[in-house]
Engineer: 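Okay, handing you the structure first.
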Amino acid sequence: MFDLYAAQNKEVAPVFDAIKEKSLLAGVEMLSIVDDEIFRSRAPSVFKSILERGSPATFQLFKDVLRREDRREIIWETLLQLNQEDLSVIIFKAKYLVLVEDYSNALSLIESAIACNAANTDLVLIKAHIQKRMGLSSAAANDTMLKIKDSVASDKFSVSKMAKYLIRYGSISEAQEMMGKFIQKPNQQERMADLHEMQAVWYLIEMADRQFKDGNKLSAACFYRKIVLIFDELNDDQLDFHGYALRRMSFIEYMKFLRFLDGELKTSEVLKRAHIGLCRCLLNMTSESDQVDSLAKQLDLANISSQFSDDLSALSEYIRSLLSSPKSVSEYLHRICNTLIQTHSEDTVVIQTVLDVALKFDMKLCAQKLVIKLLQKGVSVSDNVIESINKQRLEPNSLWQHVPLLN
Amino acid sequence: MHRQDKNYEESIKCYKNALKIDKDNFQILRDMALLQLQCRQLEGAIDTRRKIIFTRPSSPFNWISLVVTHHLSGNLQQAIEILDIYLEIFGKIKDTAEHHRFYRVSILMEMGKYEEVIEYMQSSFKKQNTLRYYEALGNQIIKLRTFSKTCCSWSLLFRQEVFSL
């Protein structure tokens with residue numbers, strides 16, 4: 001066995017070269033853990049070799065490396081030495097400029113590339129992404145995407161991006177028709193049923209937000225609730241794995257799995273948006289104010305299958321049953337707010353939402369703490385809110401215990 | 001019934017009431033421990049797992065479940081100690097001890113005890129020229145992003161061993 005403690009930098013460099021010869025990807029992986037001397041000498045050649053292959057995921061491969069400013073500069077200097085007309089170099093440069101938040105230069109670079117390569121859908125997707133980051137009018141990003149609508153029909157990734165934009169700013173049925181082409185079912189009814197059952201949470205959250213913006217709160221609440229149920233199901237499914245993983249002795253993977261459930265799954269951005277959306281829907285609905293005859297009329301669907309219709313009916317019945325009793329709405333919202341505060345206690349949107357719930361249900365102590373938290377974060381609170389809190393009676397409840405104590 | 005309806009907390013309460021009548025019932029303890037883990041009531045799960053071991057100390061599954069519960073609740077030192085007891089008692093069972101040794105290595109890496117990992121791997125693993133042996137070490141170090149010279153050169157040297165096999 002070799003002497004580990006005798007290993008010095010000069011011995012590492014030839015080892016790094018040997019690894020790089022066998023596998024370029026292993027070389028890229030090594031770049032994120034080698035020290036500065038090796039990085040300076042080896043990174044440019046690894047970077048050039050990867051870029052020459054023209055892989056679309058080159059930027060993703062180097063994301064870990066690009067986190068450090070000094071290493072980022074070395075990569076940038078190497079980039080400037082390459083052929084600037086090459087498409088992979090242009091794409092990498094544009095993504096790099098977005099990373100360092102130089103959006104105007106990124107946009108002008110991409111626009112000049114599009115002028116020479118109008119048919120390239122990757123460039124158009126990057127342009128829409130830059131426009132969105134720049135905070136330009138959402139219509140600008142939408143217009144950009146619509147130009148490539150017909151040419152992306154065969155690419156799943158591009159279609160999903162297109163569908164997102166269409167749902168956000170355009171027509172739902174057009175988006176669903178595009179996505180339906182990738183679902184192997186004989187008719188549109190069954191394709192739609194599949195689409196709503198395949199737990200594509202990115203699609204469900206876009207639909208929910210669209211319905212909310214259109215004022216269709218019941219259908220928005222149904223979609224938000226569907227997302228929450230999906231995450232609950234993912235969490236509940238672990239019950240089968242406790243015994244199985246231990247019997248199979250896959251302890252390391254089992255621990256990673258449990259930590260994923262406790263970490264990334266609970267703090268998922270989509271779940272947070274779904275909870276916030278549900279709060280907003282339920283706060284603004286009463287059983288009388290939202291008299292919707294048929295959920296299908298609200299949704300822009302050509303036909304719906306009976307299975308999908310049953311699912312939506314069950315969801316809307318659940319929402320209606322909640323609304324029929326103020327106590328059940330209050331309890332349900334308390335549970336959601338508890339979850340939100342536990343997982344996103346520093347998020348101002350979450351704090352604002354929980355404050356709205358607290359104001360609605362006269363939770364004075366909780367509301368006071370949340371207002372102070374918002375003010376500490378530099379978010380202004382209107383005098384009306386403070387006045388309404390002062391008017392409330394003092395009533396202890398379980399929610400306030402989860403609001404972070406103030407120093 | 002509550003368990004089928006996914007009311008796990010109610011189910012745990014029912015099991016606790018059942019234990020007042022029959023406090024050493026293995027089946028109740030086992031099911032309750034499972035649900036406590038599901039609901040992340042980890043202190044309760046640890047107590048229950050301890051009781052299970054007192055009831056059935058000869059089953060390896062019960063010991064390893066206690067180790068995992070300690071690990072999940074962050075009691076890494078206790079997890080290591082119990083795992084060592086487990087390996088002493090059941091370590092001679094073929095084909096299983098290696099999985100547990102790799103698991104012990106991962107807990108030590110989490111505790112940041114890199115030196116101890118090296119010593120342990122050199123002394124306890126019989127087969128030291130397997131891909132899994134090197135990958136376990138290399139992957140752990142890369143994921144922990146240790147930039148110190150020793151660990152960096154160590155992982156690269158291990159990978160060299162892999163490629164020359």
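Keep in mind that this is a model prediction, so the values were computed, not measured. In what follows, chains carry the letters A, B, and so on, assigned in the order in which the sequence lines appear, proteins first and then strands, with residues in each chain numbered from 1.
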Engineer: Does A/R248 have more than 12 heavy atoms from other residues, nucleotides or ligands lying within 6.0 Å of its CZ?
Structural biologist: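 Atom CZ in A/R248 is not packed in, count stays at 12 or less.
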
Engineer: In Å and rounded to the nearest 0.5 Å, what is the OH to CD1 distance from A/Y254 to B/I64?
Structural biologist: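 It comes to 11.5 Å.
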
Engineer: Hey, does B/I107 have a side-chain heavy atom less than 4.5 Å from the side chain of A/M255?
Structural biologist: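 Counting from C-beta outward, A/M255 and B/I107 never come under 4.5 Å.
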
Engineer: What is the minimum heavy-atom distance between B/Q38 and A/N235, and which atoms define it?
Structural biologist: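 Residues B/Q38 and A/N235, closest heavy atoms: NE2-O, 3.6 Å.
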
Engineer: Which atom names give the shortest non-hydrogen contact between A/D236 and B/Y8, and what distance separates them?
Structural biologist: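 That would be OD1-CE1, 3.7 Å.
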
Engineer: Which bit of B/L35 comes within less than 4.5 Å of chain A, counting heavy atoms only: side chain, backbone, both or neither?
Structural biologist: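 The answer is the side chain of B/L35.
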
Engineer: What part of A/D232 is in contact with chain B, defined as an atom under 4.5 angstrom from a non-hydrogen atom: side chain, backbone, both or neither?
Structural biologist: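 Neither part.
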
Engineer: May I ask you to check whether over 12 heavy atoms, not counting those of A/R72, lie within 6.0 Å of atom CZ?
Structural biologist: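 Above 12, so yes.
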
Engineer: Run the side chain to side chain contact (heavy atoms under 4.5 Å, CB included) test on B/Y103 and A/M249 for me, step by step, so that the C-alpha distance in whole Å, both residues' side-chain angles and the decisive distance to 0.1 Å come before the verdict.
Structural biologist: CA-CA 9 Å; B/Y103 181 42; A/M249 291 182 279; over 6 Å; no

Engineer: Could you go through the side chain to side chain contact (heavy atoms under 4.5 Å, CB included) check for B/L37 and A/L239 one step at a time?
Structural biologist: CA-CA 9 Å; B/L37 188 59; A/L239 187 66; over 6 Å; no

Engineer: In terms of heavy-atom contacts, does CD of B/E10 have more than 12 from other residues, nucleotides or ligands at under 6.0 Å?
Structural biologist: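 Yes.
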
Engineer: Go through the atoms of B/F61 and report whether side chain, backbone, both or neither lie under 4.5 Å from a heavy atom of chain A.
Structural biologist: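 For B/F61, side-chain heavy atoms alone lie under 4.5 Å from chain A.
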
Engineer: Decide if atom CZ of A/F241 counts as having more than 12 heavy atoms of other residues, nucleotides or ligands within a radius under 6.0 Å.
Structural biologist: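 No, CZ of A/F241 has 12 or fewer neighbouring heavy atoms, counting only those of other groups under 6.0 Å.
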
Engineer: So what's closer than 4.5 Å to chain B heavy atoms on A/R259: side chain, backbone, both or neither?
Structural biologist: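 When you check distances to chain B, only side chain atoms of A/R259 fall under 4.5 Å.
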
Engineer: Do you know which two heavy atoms are closest between B/L34 and A/H242, and how far apart they sit?
Structural biologist: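 What the structure gives for the nearest pair is CD1-CB, 3.4 Å.
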
